[in-house]
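Numbers restart at 1 for each chain; the letters A, B, ... are given by sequence-line order, proteins then strands.
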Number of protein chains: 2
Amino acid sequence: MKNAYRIGEVATRTGCSPESIRHYEKLGLLPTPKRSQQGYRYYDQAVLERVGFIRHGRSLGLDLHSIQELLALSDHPDTDCGAADDIATRHLQHLEARIAKLQALATELRQVVQQCRGGKAADCQIIQTLYDHTLDCSERGCGQIEA
Amino acid sequence: MKNAYRIGEVATRTGCSPESIRHYEKLGLLPTPKRSQQGYRYYDQAVLERVGFIRHGRSLGLDLHSIQELLALSDHPDTDCGAADDIATRHLQHLEARIAKLQALATELRQVVQQCRGGKAADCQIIQTLYDHTLDCSERGCGQIEA
DNA sequence: CTAAACCCTGTAATCGTTACAGGGTCAAGC
DNA sequence: GCTTGACCCTGTAACGATTACAGGGTTTAG
């Protein structure tokens, strides 16, 4: 039973790059690890679970700040868990809103694409549509795009 | 009929910030404008349509590079319009893939949220689920997240 | 004549990750 | 011994599009 990993081994075991691991440490999501005499980071088993937690959160689309909050809850087992529910629920609503927006964009874009009948750019309906002011920002609330 | 706008007026008429307009100019999406003796940018009517084009493209989720290609096509009316169709179609497929991915995330997150029955963080199923390795990156292909 | 509102340039921030540069360390093979 | 390759370190910059400064100049209305 080996319980001292260098960063590369943590990386391969978790599917997370060494750069990201160092990044998480800098942001405070991972504890400051022990160092060898030469300055190499050495990790124990626990960090594998913690990195796994982070990657799973990221794979769900949570941002690192939310994951940090969830880790803080996890680090204080006596805290009420409602905050975790808040974070997850808020993110779910965020996702649902984004999906709705992307679907609207895809619908509009599908119409744009179908208008193209080939030919010269001068007559291209895709380009014409993009020039069309009646569909653009000032009409709808389209501040953020993040698409 | 006034046909000389300063950047701020272009901004209010197009719903696009002056910073973004300068940014588009730096990237080459907008032509270098005339300057007053004091160095102020002065624009004519044409830039309003061009900025409108860009904003409409952005509101559809196109990136500035794609928009630049579309503008180039528009600037050369004799070019074949197939490239525009390519760009739009490619982006549409990109959008559809993203939607599918976000929907999968939302489904998974919905399951996670429903598991929370309140109580202490130590027992919180949201946190437990995030620690669960069987769902994480190494199992599925979850390299890019961009959610 | 002064204050508000505008403009300029250049730089840094955001988010998470990747990719360097420039250097040190450690193993195996010759 | 000595080299080669695989690791590790730090710090910085890049990606994309936008926003937010700092630090300065100009115009306009009161």
(message) Expected output is a numbered-order residue list: members of residues 32-41 of chain A with a heavy atom under 4.0 Å from any atom of DNA chain D. What is it?
(response) R35(A), G39(A), Y40(A), R41(A)

(request) State which residues pass side chain to side chain contact (heavy atoms under 4.5 Å, CB included) with A11(A); sequence neighbours excluded, sorted by chain then number. (result) P18(A), I21(A)

Nearest-Å distance for atom pair [atom1]/[atom2], residues [X] and [N]:
| X | N | atom1 | atom2 | result |
| --- | --- | --- | --- | --- |
| I54(B) | dG16(D) | CD1 | C1' | 15 Å |
| H65(A) | dA13(C) | NE2 | P | 19 Å |
| R58(A) | dT18(C) | CZ | C1' | 14 Å |
| D63(B) | dT18(D) | CG | C1' | 15 Å |
| R22(B) | dA17(D) | CZ | P | 18 Å |
| Y42(A) | dC9(D) | OH | C1' | 13 Å |
| K26(B) | dA17(D) | NZ | P | 14 Å |

Between [options], spot the one nearest the side chain of [X], thanks.
| X | options | value |
| --- | --- | --- |
| H23(B) | dT9(C), dT17(C), dT18(D) | dT18(D) |
| I7(A) | dC8(D), dT18(D), dC8(C) | dC8(D) |
| E19(A) | dT11(C), dT12(D), dA19(C) | dA19(C) |
| R6(A) | dC7(D), dA17(D), dT18(C) | dC7(D) |

Closer than 4.0 Å, any side-chain N/O of [X] to the OP1 or OP2 of [N]?
| X | N | value |
| --- | --- | --- |
| S17(A) | dT18(C) | yes |
| R55(A) | dT17(C) | yes |
| Y24(B) | dA17(D) | no |
| S20(A) | dT18(C) | yes |

Side-chain donor-acceptor pairs under 3.5 Å in residues 76-90 of chain A, sequence neighbours left out?
from: T79(A); atom 1: OG1; to: H76(A); atom 2: O; distance (Å): 2.6
from: D80(A); atom 1: OD1; to: G82(A); atom 2: N; distance (Å): 2.7
from: T89(A); atom 1: OG1; to: D85(A); atom 2: O; distance (Å): 2.7

(message) Salt bridge or not between D75(B) and R50(B)? Use side-chain N to carboxylate O under 4.0 Å.
(response) yes

(request) Identify whether the distance between the nearest side-chain nitrogen and carboxylate oxygen of R110(B) and E96(A) falls below 4.0 Å. (result) yes

(message) Taking the ring of Y131(A) and the ring of F53(B), is the distance between their centroids below 6.0 Å?
(response) yes

(message) Testing the 3.5 Å rule here: is there a donor-acceptor pair between the side chains of E69(B) and H65(B)?
(response) yes

(message) Is it the case that the side chain of Q68(A) and the backbone of Y24(A) share a donor-acceptor pair, with hydrogens and angles ignored and the cut-off at 3.5 Å?
(response) no

